[in-house]
Amino acid sequence: MDKIVIHGGVALRGRIAVSGSKNAALPILMSSLLTTEPVVVHNVPRLRDVHTALGLLEGLGVKIQWIDEHSVQLHAREVIGHEASYELVKTMRASFCVLGPLLARTGRARVSTPGGCAIGARPVNLHINGIRALGARIQLRHGYVEAHAQHLQGARLWLDNPSVGATENIMMAAVRARGHTTIENAAREPEVQDLGRMLMAMGAQIEGVGTHVIEIEGVERLHGAEYHVSPDRIEAGSFMIAAAITGGEVLIENAPAHQLDALSVKLREAGATVTVVDGGIQVTRAGALRPLEVRTLPYPGFPTDLQAQMMALLTQANGTSVITETIFENRFMHAPELMRMGAEIAMKGATAVVRGPTRLSGAPVMATDLRASMGLILAGLAGDNETQVSRVYHLDRGYEALDAKLRGLGAQIERVPE
Ligand code: UD1
């Protein structure tokens, strides 16, 4: 396995391009199961999770063909499989979202439950309750959800909390159910909106995506479509923080500015200059950083997927910052690693108190999840000497060509075999 080696202390300068959104691409690829006609998806990031999703679909009989570097055609003329194995779902939880479209298409699905993960218990009860409310018979056996439904029936649903995955899974089942479905307290995340637009391009009748109430009128069949995945707001946000933490000046090309308001407001409050320009977002930081209070929330609140990166930044602020994580119960695993680099962080329950500024000194560190890895990379960019981040496979799940992209900004970062 590879590791990332960084020599920190370089202010990043230049332009960096944002890839297509991973979290939007995954359910969009799975929605190809809903039609017998080919769909073409553009701006698909070349990431490990995308390849895992394509492998899952291929196993179900979907014919997959890359048209160019970031465009893929998927043709589910016949669906021959019904299962997503434990092996698959445990490597990528988002595989669980195959349940809805597979069931809607074939009347049958057997999908492993994901189990816990590094950042929390992450149950799938809301997915299961939702699909059951659409009339599916569901049994939990041997660690698998076994679902059957001759036809799905529209229903009125209320989600206990606005889960992104549950909203997506239910949407993909409901678009082909008989009658009307209402999802109340639905997730409003841009990735849910992207999936909604893809489904509509396929002929689904959906209203209210991007709001808390999604209305779906089921249709008998969906047709082929061509769709562009939106840019990845979390990757873009990570680059914005990279500019701020290194005291650099970076244009993040095609960053989805309106989706990053929560971060932009916080970066400005911390003393960075964030300017929305034609074709992206420009972030510069010359003066000292100020401390912040940050609370993760569902969209449009501050994203939990940028919390680790923000924590790295706040180790460099002049004063005491407070970070509260409200989405996942165990998402401070990066903090002890940052402390190994010299950060002063105290944690109690869902709150982390970060005292800055601390000089970060390069150290070998280990990542526990995708966004934690990025937090450590950012700390390495701001630190002295050499930082080595191992378990790079986490990064490969969600950041396309990260080392090359950062090198383009002048970062001294390399990927080497461990
Ligand atoms: C998605 C994103 C992930 C992001 C998260 C929150 C993908 C592939 N991943 O994950 O990067 O961090 O949204 O923005 O899109 N919950 C339940 N029961 C359920 C489902 C969720 O209790 O059935 C809880 C979770 O444990 C968590 C909260 O709801 O505490 C939010 O999770 P959810 O929005 O479902 O996140 P994911 O879709 O798994």
Side-chain angles (χ1 to χ4, degrees), residues 20-31 45 47-50 52-53 56 88-100 111 113-133 138 140 145 157-172 183 185-196 212 229-230 232-235 237-238 259 262-263 295-310 324-334 350 368-375 394-395 397-399:
S21 161
K22 167 181 87 79
N23 287 352
L26 296 175
I28 284 172
L29 295 174
M30 289 178 196
S31 71
L47 299 169
R48 217 160 61 98
D49 275 7
V50 163
T52 305
L56 164 63
L88 259 165
V89 183
K90 82 170 194 278
T91 40
M92 186 182 76
R93 303 178 58 85
S95 315
F96 196 76
C97 277
V98 81
L99 177 66
V111 179
T113 51
C117 89
I119 60 174
R122 300 184 81 177
V124 283
N125 57 317
L126 301 174
H127 301 236
I128 294 172
N129 294 347
I131 304 281
R132 188 176 266 146
I138 294 194
L140 278 165
V145 172
L157 307 170
W158 182 82
L159 300 183
D160 251 347
N161 77 46
S163 156
V164 173
T167 303
E168 293 169 344
N169 222 340
I170 295 165
M171 277 167 75
M172 286 191 277
I183 311 173
N185 200 25
R188 298 160 63 188
E189 267 66 5
E191 296 76 20
V192 174
Q193 300 179 35
D194 232 16
L195 172 65
H212 279 313
V229 176
S230 299
D232 195 308
R233 67 188 168 110
I234 303 301
E235 187 196 21
S238 303
Q259 298 174 8
L263 174 65
R295 190 181 180 81
T296 64
L297 286 170
Y299 187 80
F302 191 91
T304 174
D305 284 351
L306 288 172
Q307 182 256 105
Q309 299 89 316
M310 202 62 174
T324 309
E325 169 61 53
T326 76
I327 309 292
F328 293 110
E329 64 267 32
N330 188 30
R331 207 174 195 181
F332 288 144
M333 303 283 277
H334 41 280
T368 44
D369 74 70
L370 168 56
R371 309 303 171 184
S373 314
M374 190 64 201
H394 288 301
L395 277 175
R397 293 188 51 192
Y399 289 92

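Ligands are counted one by one from 1 in listed order, and the atoms in each one are counted from 1 as well.
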Are Asp305 and Arg331 within salt-bridge range, i.e. N to O under 4.0 Å? yes

Short side-chain donor-acceptor distance under 3.5 Å, Asp369 and His394: no

Does a donor on one side chain sit under 3.5 Å from an acceptor on the other, for Arg233 and Tyr299? no

With a 4.5 Å heavy-atom cut-off, do Arg188 and Pro162 have their side chains touching? no

Enumerate, one pair per line, all nitrogen or oxygen atoms of ligand 1 lying under 3.5 Å from a protein nitrogen or oxygen, stating the separation to 0.1 Å; write 'none' if no such pair exists.
residue	atom	partner	partner atom	Å
ligand 1	9 (N)	Asn23	ND2	3.4
ligand 1	10 (O)	Arg122	NH2	3.2
ligand 1	11 (O)	Asn23	ND2	3.1
ligand 1	11 (O)	Asp305	OD1	3.4
ligand 1	11 (O)	Asp305	OD2	2.6
ligand 1	12 (O)	Asp305	OD1	2.6
ligand 1	12 (O)	Asp305	OD2	3.4
ligand 1	15 (O)	Asn23	ND2	3.4
ligand 1	18 (N)	Pro123	O	3.4
ligand 1	18 (N)	Asn125	OD1	2.7
ligand 1	23 (O)	Pro123	O	3.2
ligand 1	23 (O)	Asn125	N	3.1
ligand 1	23 (O)	Asn125	OD1	3.2
ligand 1	23 (O)	Leu126	N	2.7
ligand 1	29 (O)	Asn161	OD1	3.3
ligand 1	29 (O)	Asn161	ND2	3.3
ligand 1	30 (O)	Ile327	O	2.6
ligand 1	34 (O)	Val164	N	2.8
ligand 1	35 (O)	Ser163	OG	2.6
ligand 1	38 (O)	Gly165	N	2.8
ligand 1	39 (O)	Arg122	NH2	2.9

More than 12 heavy atoms of other groups within 6.0 Å of Arg48 CZ: yes

Taking side chain to side chain contact (heavy atoms under 4.5 Å, CB included) as the criterion, tell me which of Leu126, Asn129, Leu157 meets it with Ile170. Leu157

